[in-house]
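Right, one structure below, let's go through it.
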Amino acid sequence: MKTSIYILGIESSCDDTSASIICDGKVLSNVVANQEVHAKYGGVVPELASRAHQQNIVPVVQQALSKAKITKKDLSAIAFTRGPGLMGSLLVGTSFAKSLALGLEIPLIAVNHMQGHILAHFIKDEEAKNPSFPFLCLTISGGHTQIVKVSDVFDMEILGETIDDAVGEAFDKSAKILGLPYPGGPLIDKYAQLGNPKAYQFTKPKVGDLDFSFSGLKTGILYFIQKQQRINPSFIEENLNDICASIQYTIVEILIEKLKNAVKQTGIKQIAIAGGVSANSAIRKRLELAAKHWGWSTYIPKFEYTTDNAAMIAITGYLKYLKNDFSEISVTAKARLKVTE
Ligand code: KG4
Ligand code: ZN
């Protein structure tokens with residue numbers, strides 16, 4: 001009888017401490033501890049993040065094991081996020097994973113966080129279909145905005161990316177201008193649902209066909225808000241829903257336009273989205289519309305696998321396990337790591 005493969009995934013690249021157990025590609029548990037501590041600072045404070053990871057990691061892993069109804073002795077291997085991310089945060093997950101793997105005498109698997117976001121699409125789930133190769137993945141998070149051509153599980157190529165801010169930053173910085181707490185992306189999404197997306201127009205950036213730029217948009221939004229506030233100091237409060245809807249509409253249109261260019265250039269009509277911003281309700285709806293109009297097959301991750309989570313690290317670990325792609329115990333965390341590395 002074939003024995004099952006149990007992978008513990010550990011994610012600690014930014015401000016979420018997460019642990020997940022995957023058995024033969026199916027998620028048994030996916031525990032995420034968010035760090036509330038950053039909200040009042042308007043962004044992630046690296047020093048506070050690594051301290052919170054240290055406090056969270058043991059209980060989060062224990063919870064993941066008990067929710068999965070297994071013990072650490074059942075584990076086949078431990079996968080952890082090697083990078084990219086904040087060095088202090090990465091080090092907590094890396095050293096924890098290494099010592100546990102050493103103690104249990106089981107293999108250690110280093111995972112690229114960006115590959116994890118994409119490969120979350122290969123989690124076995126009755127409600128979701130896995131993409132077939134090749135497909136294009138629009139990876140949109142707080143740190144990245146890329147169009148990646150995925151030819152095979154670990155064969156990826158960046159076709160285009162942001163030349164400045166990531167799209168998550170565009171959401172979060174716009175929210176900050178509006179006086180909303182960090183992370184503002186989900187709040188813009190929430191208010192936008194009650195607003196008119198065509199109420200205000202913002203200029204779209206001019207960059208290469210498959211590249212992105214969001215810093216100009218952010219400045220445009222700032223100047224627009226400042227100008228309106230000089231006329232009406234309560235402009236934000238009175239029009240928050242419309243402002244959020246208009247910002248979100250502009251960002252989503254930019255993303256769809258770039259995807260359209262990528263489909264045109266590559267002829268690939270299999271489109272996936274991944275990363276924290278793929279939780280956005282407007283991009284999810286807009287992509288479904290695009291699929292209908294242009295005959296695309298779209299892959300939209302389950303909500304819990306969009307923002308940072310360890311299930312995406314565990315599934316990537318599982319796929320590496322099947323290839324016997326293990327890491328030496330001397331492996332180190334890397335703050336900068338391309339999706340292709
Ligand atoms: O992938 P992720 O959890 O962390 C990184 O690897 O960066 O992405 C976090 C980003 C943040 O910028 C957050 O504001 C954004 O994803 N985000 C959203 C939504 N949910 C999360 N942006 C827009 N709409 C959402 N619903
Ligand atoms: Zn991420």
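Counting starts at 1 for both ligands and their atoms, in listed order. In this chain, residues are counted from 1 in sequence order.
The protein non-hydrogen atom at the shortest distance from atom 22 (N) of ligand 1 is G185 CA, 3.6 Å. Distance from atom 26 (N) of ligand 1 to its nearest protein heavy atom, with residue and atom name: D189 OD2, 2.9 Å.
Neither the backbone nor the side chain of H144 has a heavy atom within less than 4.0 Å of ligand 1. Contact annotation: for Q248 versus ligand 1, there are no heavy atoms closer than 4.0 Å. The proximity of D172 to ligand 1, defined as any non-hydrogen pair under 4.0 Å, is limited to the side chain. At a heavy-atom distance under 4.0 Å, atoms from both the backbone and the side chain of D308 approach ligand 1.
Ligand-side atoms of ligand 1 in range of H113: 6 (O), range being under 4.0 angstrom from any heavy atom. Against a heavy-atom cut-off of under 4.0 Å, A279 is close to the following atoms of ligand 1: 20 (N), 26 (N). Heavy-atom proximity to G143, at under 4.0 Å, picks out these atoms of ligand 1: 7 (O). Heavy-atom contacts of G168 reach the following atoms of ligand 1: 12 (O) (cutoff under 4.0 Å). Close approach of ligand 1 to H117 is summarised as follows: ligand atoms under 4.0 Å from at least one heavy atom of the residue are 1 (O), 6 (O).
Here K149 contributes atom NZ and I268 contributes atom CD1; the two are 5.0 Å apart, rounded to the nearest 0.5 Å.
Between the side chains of S4 and D24, a donor-acceptor pair is found at a separation under 3.5 Å. A donor-acceptor pair shorter than 3.5 Å cannot be found between the side chains of T139 and H144. Using modelled atom types, one finds no donor on one side chain facing an acceptor on the other under 3.5 Å when comparing D15 with H53.
Of the possible polar contacts, none joining the D211 side chain to the G160 backbone as a donor-acceptor pair under 3.5 Å is found.
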Practice task
For side-chain contact (heavy atoms from CB on, under 4.5 Å), just list the numbers for E157 and L159, CA-CA rounded to whole Å, side-chain angles, deciding distance to a tenth of an Å, and then say yes or no.
Solution key: CA-CA 6 Å; E157 182 193 345; L159 301 184; 3.8 Å; yes
Problem - ring-ring contact (aromatic ring centres under 6.0 Å, His included) assessment of Y299 paired with Y305 - result: CA-CA 12 Å; Y299 302 90; Y305 306 138; over 10 Å; no
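K323 forms no cation-pi arrangement with F154, by the criterion of a distance under 6.0 Å to the ring centre and an angle within 45° of the ring axis.
Counting only non-hydrogen atoms, the option in C14, G276, P84 that gets closest to atom 17 (N) of ligand 1 is G276. Here the shortest heavy-atom distance to atom 23 (C) of ligand 1, taken over V32, N280, I251, T307, belongs to N280. Counting heavy atoms only, V277 comes closest to atom 15 (C) of ligand 1 of the residues V44, N34, V277, I140. Counting heavy atoms only, G142 comes closest to atom 9 (C) of ligand 1 of the residues A282, G142, G116.
Among the atoms of E169, none of the N or O lies under 3.5 angstrom from an N or O of ligand 1.
Pairs passing the side-chain hydrogen bond (donor to acceptor under 3.5 Å, both in side chains) check and including a residue from residues 271-285, sequence neighbours excluded, read D189-S281, Q193-S281, Q248-N280.
For K198, the side chain to side chain contact (heavy atoms under 4.5 Å, CB included) test picks out N196, Y249, with sequence neighbours left out.
Counting heavy atoms of neighbouring residues, nucleotides and ligands inside a 6.0 Å radius, atom NZ of K302 exceeds 12 of them. No more than 12 heavy atoms of other residues, nucleotides or ligands lie within 6.0 Å of OH in Y223, so this atom counts as exposed by the packing criterion.
If you chain together ILVMFWY residues whose side-chain heavy atoms come under 4.5 Å of each other, V331 ends up grouped with Y6, L8, I10, I21, L28, I57, V58, V61, L65, I70, L75, I78, F80, V92, F96, L100, L102, L104, I106, L108, I329.
Protein atoms that are N, O or S and lie under 2.8 Å from the Zn ion (ligand 2) are these: H113 NE2, H117 NE2, D308 OD1.
Between W294 and W296, the ring planes lie tilted relative to each other; the angle falls in the 30° to 60° range.
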